[in-house]
Colleague: 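Would you mind keeping the following structure in view while I ask a few things?
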Protein chains: 2
Amino acid sequence: MTKELTQQDYKDLLYRQFALVGKAVSSNRRLELLDLLCQGERTVEDLARETGASISSVSQHLQVLKTAKLVNSRKEGLYVYHFLADESVGEFWRALRALAFSRSAELREMVQSIVEGRDDLEQVSHEELMERARRGEVIVLDVRPEVEYQSGHIADAVSIPIDRLEAHLKELPKDREVVAYCRGPYCLFSLEAVDLLRSHGYKARRLIDGYPEWEAGGRPVQRGENSKPHRSEQSSDHHRS
Amino acid sequence: MTKELTQQDYKDLLYRQFALVGKAVSSNRRLELLDLLCQGERTVEDLARETGASISSVSQHLQVLKTAKLVNSRKEGLYVYHFLADESVGEFWRALRALAFSRSAELREMVQSIVEGRDDLEQVSHEELMERARRGEVIVLDVRPEVEYQSGHIADAVSIPIDRLEAHLKELPKDREVVAYCRGPYCLFSLEAVDLLRSHGYKARRLIDGYPEWEAGGRPVQRGENSKPHRSEQSSDHHRS
DNA sequence: TTGTTATTTTAGTGTTCGCTTGAATACAGG
DNA sequence: CCTGTATTCAAGCGAACACTAAAATAACAA
């Protein structure tokens with residue numbers, strides 16, 4: 001009969017509900033999954049392959065994310081596609097990341113030693129990229145896997161996944177600087193790309209963070225097929241303003 | 001020394017660091033502590049008393065919050081005062097709360113059944129309170145414990161802690177509406193206050209959320225002693241049960 | 001129907017968590 | 001110094017968690 005909640009019950013239930021979200025983001029594995037899902041929906045198999053965890057383990061982690069209502073799924077044929085329940089989930093994940101980064105000196109040092117240690121040139125800001133892309137001064141290069149590019153990319157970016165970059169280098173003109181971007185500020189793809197490009201004589205820099213941040217910032221994006229992927233150069237009929 | 005990090009190592013370390021923050025907010029007890037610390041610094045004993053947990057347990061939870069760098073402490077004499085390491089921690093906690101609230105229908109129903117079920121009049125928004133307080137149409141009533149009031153309160157608010165409200169009712173004029181506020185949207189103090197006030201013939205409503213949100217919104221605040229309510233009566237509630 | 005594939009569920013196991021008790025530490029004030 | 005108080009530390013124990021392996025579902029195809 002105790003439909004009546006004591007204040008203690010209320011308090012406990014309340015914080016327990018909030019803690020569900022906390023539990024969801026309390027495991028490095030689940031954060032990894034969330035981060036991948038920020039780049040677009042995936043099947044369990046995809047996630048297992050990309051994270052290196054077992055299928056079963058991934059499935060169980062996804063259940064936790066689903067009970068916290070952070071992730072939804074849709075079934076299509078044999079596959080179950082999982083995706084972020086809401087864009088606010090991505091925002092939250094980035095907020096958590098930013099908080100951890102701002103609070104933890106160890107984390108900052110670690111990232112600096114790996115990310116900034118490699119990069120002697122400053123990273124490109126969103127504003128700078130917007131401006132220089134508008135003037136046709138740079139090539140915007142998306143080095144994420146192609147499905148992620150198709151699920152959404154910076155407007156007018158070219159897609160060459162990092163593992164195919166070396167083979168497709170010649171598709172990039174050498175007369176303009178290349179700005180590479182990937183999944184986010186902690187993703188190493190664009191760093192690798194910059195290294196590779198520079199070692200081949202390109203002028204290259206890295207966008208300061210990745211596609212999710214660009215999109216969340218309301219910058220222009222496109223979805224779907226590569227507009228001008230890797231074929232002839234077709235020159236920059238794009239300039240002007 | 002500089003052990004070479006494989007990409008796998010890097011990824012694991014990185015997400016593990018982020019997960020530290022997640023772990024910190026994955027326990028209802030710790031969220032309760034965080035929520036209290038949003039109202040001002042406290043000793044371990046304070047927190048244990050207010051949450052009903054044991055001293056030792058609270059101390060251990062605080063260590064978790066400290067390793068995640070969300071909480072700092074300062075020693076003063078015999079006591080250790082714990083406080084949020086940064087205002088961004090409070091922001092993050094509110095963001096988590098908001099995310100859970102927006103994503104969980106159960107949570108919304110639970111809160112609605114308790115909070116809004118009691119309150120037939122709509123809650124007061126920040127804007128409305130600003131405007132009507134400016135015109136002197138309302139009394140702003142802080143029903144949190146006095147130390148929280150002193151650590152920061154809405155400008156020109158009167159402090160009457162909820163457990164002393166009934167005894168001090170006569171200090172409130174009946175010709176103006178009373179707007180009560182407390183710790184936040186899920187705190188029940190202001191609801192109790194509204195019930196009590198109405199049952200004594202006052203016109204009363206509740207601010208939609210509490211002091212932390214008001215302050216975070218950049219609204220005018222004050223700190224320190226009560227300006228003009230009943231004079232400080234020593235509030236020596238310092239005995240425990 | 002049977003078989004195949006993708007995913008979830010179930011058990012089992014070692015690890016971590018959360019709380020309790022009791023001891024150890026740190027500090028203020030005789 | 002010693003005494004009292006606030007807090008942390010350490011050990012123990014049951015519960016919850018993370019992963020693996022195996023079995024059970026679900027959707028589809030032949």
Colleague: Rounded to whole Å, please give me the gap between CZ in B:Arg74 and P in D:dT7.
Modeller: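 Computing the B:Arg74:CZ to D:dT7:P distance gives 12 Å.
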Colleague: Nearest-Å distance, NZ (A:Lys66) to P (C:dT7)?
Modeller: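 Interatomic distance, NZ of A:Lys66 to P of C:dT7: 11 Å.
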Colleague: May I ask you to decide if the ring planes of B:Phe92 and A:Phe92 are parallel, tilted or perpendicular, using 30° and 60° as cut-offs?
Modeller: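 Because their plane-to-plane angle is under 30°, the rings of B:Phe92 and A:Phe92 count as parallel.
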Colleague: Over how many whole Å does the gap from A:Lys75 atom NZ to C:dT7 atom P extend?
Modeller: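 My rounded result for the distance is 8 Å.
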Colleague: For B:Ile55 and B:Leu47: C-alpha separation, side-chain torsions, deciding distance, then whether side-chain contact (heavy atoms from CB on, under 4.5 Å) applies.
Modeller: CA-CA 8 Å; B:Ile55 300 255; B:Leu47 291 166; over 6 Å; no
Colleague: Using the six-membered ring wherever Trp is involved, compare the ring planes of A:Trp93 and B:Phe18 and label them parallel, tilted or perpendicular (cut-offs 30° and 60°).
Modeller: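 Judged by the thresholds at 30° and 60°, the geometry between A:Trp93 and B:Phe18 is perpendicular.
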Colleague: Is it true that B:Glu50 and B:Arg183 make a salt bridge, defined as a side-chain N closer than 4.0 Å to a carboxylate O?
Modeller: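 The answer is yes: the pair qualifies as a salt bridge.
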Colleague: Under the 3.5 Å rule, do the base of C:dT5 and the side chain of A:Glu45 count as making a donor-acceptor pair?
Modeller: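 Side chain to base: no pair present.
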Colleague: Give the nucleotide from the list D:dT8, C:dT7, C:dA26 with an atom nearest to the side chain of B:Leu78.
Modeller: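 Minimum distance to the B:Leu78 side chain belongs to C:dA26.
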Colleague: Between B:Tyr81 (OH) and D:dT8 (P), how many Å, whole number?
Modeller: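 My rounded result for the distance is 13 Å.
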Colleague: Can you tell me how far NE2 of B:His61 sits from OG of B:Ser56, rounded to the nearest 0.5 angstrom?
Modeller: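 Answer for the OG-NE2 pair, B:Ser56 versus B:His61, is 10.0 Å.
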Colleague: Nearest to the B:Arg30 side chain among D:dG4, C:dT8, C:dG18, which nucleotide is it?
Modeller: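 My answer, after comparing the listed nucleotides, is C:dG18.
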Colleague: Within 45 degrees of the axis of the six-membered ring of B:Tyr81 and under 6.0 Å from its centre: does B:Arg74 put its NZ or CZ there?
Modeller: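 So B:Arg74 does make the cation-pi contact.
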Colleague: Do A:Gln63 side-chain and C:dT7 base share a donor-acceptor contact under 3.5 Å?
Modeller: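 Absent.
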Colleague: Would you indicate, yes or no, if C:dC17 has its OP1 or OP2 atom less than 4.0 angstrom from a side-chain nitrogen or oxygen of B:Arg29?
Modeller: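 Answer no for this pair, as no side-chain N or O of B:Arg29 is under 4.0 Å from OP1 or OP2.
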Colleague: Would you say the side chain of A:Leu207 lies within less than 4.5 Å of the side chain of A:Val140, judging by non-hydrogen atoms?
Modeller: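 The answer is no, as the side chains (C-beta and beyond) never meet within the 4.5 Å cut-off.
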Colleague: So if I take every side-chain heavy atom of B:Ser27 and compare against C:dA6, C:dT8, C:dG18, which nucleotide ends up nearest?
Modeller: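 Nearest nucleotide to the side chain: C:dG18.
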Colleague: Taking only side-chain N and O atoms of A:His61, does any of them lie within less than 4.0 angstrom of OP1 or OP2 on D:dC17?
Modeller: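 No, outside the criterion.
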Colleague: With the side chain of A:Ser59 defined as its heavy atoms from C-beta on, choose the nearest nucleotide among D:dT8, C:dT9, D:dA11.
Modeller: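 Ranking D:dT8, C:dT9, D:dA11 by closest atom to the A:Ser59 side chain puts C:dT9 first.
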Colleague: Tell me the interatomic distance from B:Arg16, atom CZ, to D:dC17, atom C1', rounded to whole angstroms.
Modeller: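 These atoms are roughly 14 Å apart.
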Colleague: Side chain of A:Gln60: nearest nucleotide among C:dT8, D:dT7, C:dA11?
Modeller: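 Out of C:dT8, D:dT7, C:dA11, the nucleotide with an atom closest to A:Gln60's side chain is C:dA11.
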Colleague: Between residues 46-58 of chain A and DNA chain C, which residues have a heavy-atom gap below 4.0 Å?
Modeller: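 Result for residues 46-58 of chain A: A:Ile55, A:Ser56, sorted by number.
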